[in-house]
Number of protein chains: 2
Amino acid sequence: MTPKINQRKKIEAKNTQDERRGRGRPAVFDRATALQEAMKLFWERGYEGTSFNDLIAAMGISASSFYNSFGSKEELYCEATHSFLEWSGQWFFAILNDPSIDTRTAFARLFEATAEEFTRGDHPLGCMISLAGTHCPPGMKNIRDMMAEHRAFSESAMAARIRKGVMDGDVAPDVDCEMLAAYYSAVARGLAVQARDGAAREKLSEIGRLAMRAWPMAKSDVRE
Amino acid sequence: MTPKINQRKKIEAKNTQDERRGRGRPAVFDRATALQEAMKLFWERGYEGTSFNDLIAAMGISASSFYNSFGSKEELYCEATHSFLEWSGQWFFAILNDPSIDTRTAFARLFEATAEEFTRGDHPLGCMISLAGTHCPPGMKNIRDMMAEHRAFSESAMAARIRKGVMDGDVAPDVDCEMLAAYYSAVARGLAVQARDGAAREKLSEIGRLAMRAWPMAKSDVRE
DNA sequence: GGATTTTTGGAGTGATGACACCAAAAATAA
DNA sequence: TTATTTTTGGTGTCATCACTCCAAAAATCC
C-alpha cells in the first residue's frame with residue numbers, strides 16, 4: 001500500500017510509453033488492451049476481490065511488467081476506473097446533453113440505455129462505479145472516497161441537466177433539481193444491483209419506465 | 001475456506017452453549033453480544049474487508065473461542081446476516097403487514113422508516129444486505145448467491161403485499177405487482193448507496209417521497 | 001475436594017497477497 | 001555492430017489471512 005523507494009523510477013517508466021525518448025525496447029504488450037482486461041476484472045470482482053496474480057494473468061504480463069507499467073494495484077485501479085468512466089461517459093453524456101430532446105426524454109433514454117449497457121454480454125453486468133467501495137476496511141478509505149466522488153459527479157451532472165430544463169422551460173420551475181437528480185441517481189444504483197443479481201434487460205427497462213412516472217408535471221401539462 | 005478435520009467436534013462445541021450438558025465451564029463471553037459486534041463489522045466493511053483478527057478483536061474473544069463458538073468466518077457471516085435480517089425484518093414486516101393502512105401508505109411508511117434506519121448513529125450506515133456480495137471472486141460464489149437470495153426475498157415480500165393490495169381493492173387490478181416490487185426494491189438499494197455515501201436522512205426521505213410518485217393510480221382515483 | 005468437561009491463551013501452519021529486485025533479453029539509434 | 005535503454009522472467013520478501021492445535025485454566029456436579 002505504501003510505496004517505499006524507486007517511486008521516481010516507476011513514474012518515469014510509466015510515462016515512457018507515451019513520450020518515448022527514442023531509444024530502448026518498446027512495449028511488447030498492448031497497454032490499452034491490458035488495461036481493458038484489468039478493468040473488466042475489477043468491474044466483476046471489485047478492488048479487494050481482484051488479486052495481483054489474477055490481474056497479471058488476465059493482462060498477460062509479468063509481475064515486473066505490471067510494476068513497470070502501472071505502478072501499483074491501486075494506481076491501476078484508478079486508471080481502470082477512468083477508462084471505464086471515459087467509456088460509459090460517452091453514452092451517458094451523449095444522451096444527457098442531446099440538444100434534440102427535452103429533459104424528460106433525456107432521462108427516459110438514459111434509463112433505456114442503462115438497461116441495455118448493464119446487461120451486455122461483452123463485459124460484466126451492471127456498473128463499475130455504482131457499487132464500488134461501499135464496503136471497505138479503514139486502509140482503503142481513499143478508494144471509497146474516490147468512488148463516492150464519481151457517484152456524486154454523475155448525480156451533479158443529472159442535476160445540471162434538470163436545471164437546464166428549467167431554464168429551457170421544459171421542467172417546472174419549482175422543481176428541486178438536486179433532489180430529483182438524487183432520486184434518479186438512486187434508481188440507477190438500484191438498477192446496478194438488480195443487474196448484478198441477474199435481472200433481465202426488460203426488467204431493468206421497465207423499472208426505468210416506472211421511475212419516469214415520478215417525473216414532475218411540466219408547466220404546460222398543468223395548464224392544459 | 002474448507003474445514004478439514006474436527007468438523008464434528010466444532011458442531012458439538014457450538015451447540016453446547018444452547019443445550020448445556022450440565023457439566024464443564026460455561027461460556028465467559030456473551031455470545032449474542034459478540035455476534036452483534038461481528039455483524040456491525042461485516043455490515044461496515046463487508047465480508048472480504050473484515051479480517052479474522054478484526055473480528056476476534058471486536059468480539060473480545062480469542063481465536064480458539066471464535067473457532068469453538070462460531071465454526072468459521074463464513075458460518076459467522078451467515079449467522080450475522082440472519083441476525084441482521086431478524087432485526088431489520090421487524091420494522092420491515094411490521095410496516096409491510098400493518099393491517100390498518102392501505103398498500104400505498106405501507107410503501108410510503110416503508111421508505112420513511114428506511115430513511116431513518118439507514119442513517120442511525122448506533123450502527124453502520126445503509127443496509128447490510130443491499131450491497132453485499134455484489135463484487136466477489138469465484139471462490140465466494142456461495143456468499144454472493146446467499147445475499148442475492150436475501151434481496152430476492154424482500155422483493156418478493158413487497159410483491160406479495162402489492163398483490164394483497166390488488167385483492168383488497170386499493171391497488172389497480174392491472175398493476176404488474178412483481179415489476180412494481182422490483183422498482184421499489186431497486187429504489188431501496190439505491191437508498192443504501194446514497195446512505196453509504198453520507199446522504200442526510202432528509203435527502204433519503206425525499207427520494208422515497210419522489211419514488212412514491214410512481215405509484216400506480218388506484219381504480220377509484222381513475223374513476224373519480 | 002475431586003473428577004469431568006469445556007474454554008482459553010498462545011504459538012504455529014500453509015497459503016496467498018502485493019510487491020521488490022536483478023540479471024538477461026530485446027529492440028532501437030547511431 | 002555497438003551502445004543504450006527498456007522490458008521481462010524468475011526468484012525472493014515480508015506481511016496478512018484464516019485457521020489449527022495443545023496444554024493449562026476454570027467452572028460445574030457429585
Side-chain angles (χ1 to χ4, degrees), chain A residues 1-31 34 38 45-57 59-77 137-140 143, chain B residues 1-31 34 38 42 45 47-57 59-77 137-140 143:
Chain A
M1 193 58 77
T2 317
K4 284 135 207 172
I5 6 171
N6 286 49
Q7 186 65 8
R8 178 102 54 114
K9 201 172 168 188
K10 283 177 211 167
I11 304 275
E12 280 179 23
K14 199 183 146 200
N15 291 343
T16 301
Q17 197 154 37
D18 300 328
E19 19 167 297
R20 287 189 53 67
R21 282 199 270 290
R23 265 195 279 274
R25 178 184 179 177
V28 153
F29 63 92
D30 180 14
R31 198 175 189 279
R45 306 183 187 178
Y47 181 77
E48 299 177 272
T50 309
S51 77
F52 189 84
N53 288 337
D54 291 338
L55 284 169
I56 60 175
M59 297 165 88
I61 61 176
S62 69
S64 26
S65 300
F66 176 94
Y67 170 78
N68 283 330
S69 284
F70 298 99
S72 71
K73 186 185 170 186
E74 192 170 337
E75 287 177 69
L76 174 63
Y77 186 70
M140 274 172 35
I143 285 185
Chain B
M1 193 61 76
T2 318
K4 283 136 208 170
I5 7 172
N6 287 52
Q7 186 65 10
R8 175 106 49 118
K9 201 172 165 187
K10 283 178 212 168
I11 304 275
E12 281 178 24
K14 199 182 150 200
N15 291 343
T16 300
Q17 196 153 38
D18 300 328
E19 17 167 297
R20 286 191 54 68
R21 283 198 270 289
R23 267 196 279 275
R25 177 183 181 176
V28 152
F29 63 91
D30 180 15
R31 197 175 189 281
F42 279 133
R45 307 183 187 177
Y47 181 78
E48 298 177 274
T50 309
S51 77
F52 189 82
N53 288 337
D54 291 338
L55 284 169
I56 59 175
M59 298 165 88
I61 61 176
S62 70
S64 27
S65 301
F66 177 93
Y67 169 77
N68 283 331
S69 284
F70 300 99
S72 69
K73 186 185 171 187
E74 193 170 336
E75 287 177 70
L76 174 63
Y77 187 70
M140 274 175 30
I143 286 186

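Just so we're on the same page: letters track the sequence lines, and every chain starts at 1.
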A.B. asks: Nearest-Å distance, CZ (B/Phe52) to C1' (D/dA15)?
C.D. replies: 17 Å
A.B. asks: Looking at every heavy atom in both A/Ser69 and A/Arg31, which two are closest together, and how far apart are they?
C.D. replies: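 That closest heavy-atom pairing would be O-NH2, 2.7 Å.
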A.B. asks: Once you round it to whole Å, what is the distance between C1' of C/dG17 and CG of A/Leu76?
C.D. replies: 15 Å
A.B. asks: Rounded off to whole Å, could you give me the CZ-to-C1' distance for the A/Phe66 and C/dC21 pair?
C.D. replies: 16 Å
A.B. asks: Given D/dA18, C/dA18, C/dT8, which nucleotide is nearest the side-chain atoms of B/Lys73?
C.D. replies: D/dA18
A.B. asks: Measure the OH-CG distance between B/Tyr47 and B/Leu76 for me, rounded to the nearest 0.5 Å.
C.D. replies: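 The CG atom of B/Leu76 is 9.0 Å from OH of B/Tyr47, to the nearest 0.5 Å.
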A.B. asks: Using whole Å, report how far CG of B/Asn68 lies from C1' of C/dT8.
C.D. replies: 9 Å
A.B. asks: Under 4.0 Å: is that the gap between some side-chain N or O of B/Ser65 and OP1 or OP2 of C/dT7?
C.D. replies: no
A.B. asks: Please give, in whole Å, the distance from D/dT6 P to A/Phe29 CZ?
C.D. replies: 15 Å
A.B. asks: Distance check needed: C/dC19 P versus A/Asp54 CG, whole Å only.
C.D. replies: 14 Å
A.B. asks: Identify, with sequence neighbours excluded, every residue that meets side-chain contact (heavy atoms from CB on, under 4.5 Å) alongside B/Ser64.
C.D. replies: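 Residues passing side-chain contact (heavy atoms from CB on, under 4.5 Å) with B/Ser64: B/Ser62.
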A.B. asks: Looking at A/Asn53, I'd like to know whether one of its side-chain N or O atoms comes within less than 4.0 Å of OP1 or OP2 on C/dG17.
C.D. replies: yes
A.B. asks: What nucleotide among C/dA20, D/dA18, D/dT8 has an atom nearest to a side-chain atom of A/Tyr67?
C.D. replies: C/dA20
A.B. asks: Whole Å only: how far is the CE atom of A/Met59 from the C1' atom of D/dT8?
C.D. replies: 15 Å
A.B. asks: Between the protein and nucleotides 10-13 of chain D, are there any N/O to N/O pairs under 3.5 Å, and if so, what are the atom names and distances?
C.D. replies:
unit_1	atom_1	unit_2	atom_2	d
D/dG10	O6	A/Ser64	OG	3.3

A.B. asks: Kindly give the heavy-atom pair with the smallest separation between B/Ile143 and B/Glu74, and that separation in Å.
C.D. replies: CD1-CG, 4.2 Å
A.B. asks: So, using side chain to side chain donor-acceptor pair (under 3.5 Å) as the criterion, who are the partners of B/Asp54 when residues are at least two apart?
C.D. replies: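 Side chain to side chain donor-acceptor pair (under 3.5 Å) check on B/Asp54 returns B/Arg45, B/Ser51.
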A.B. asks: How close do A/Ser65 and A/Phe29 get, counting heavy atoms only, and between which atoms?
C.D. replies: CB-CE2, 4.1 Å
A.B. asks: Rounded to whole angstrom units, what separation is found between the CZ atom of A/Arg31 and the P atom of D/dT6?
C.D. replies: 15 Å
A.B. asks: Give me the atom names and distance for the closest heavy-atom approach of A/Gly49 to B/Glu48.
C.D. replies: CA-OE2, 3.1 Å
A.B. asks: For B/Ile61 and A/Ser51, find the nucleotide of DNA chain C closest to each by heavy atoms; which residue's nucleotide sits nearer the 5' end?
C.D. replies: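 This one resolves to B/Ile61.
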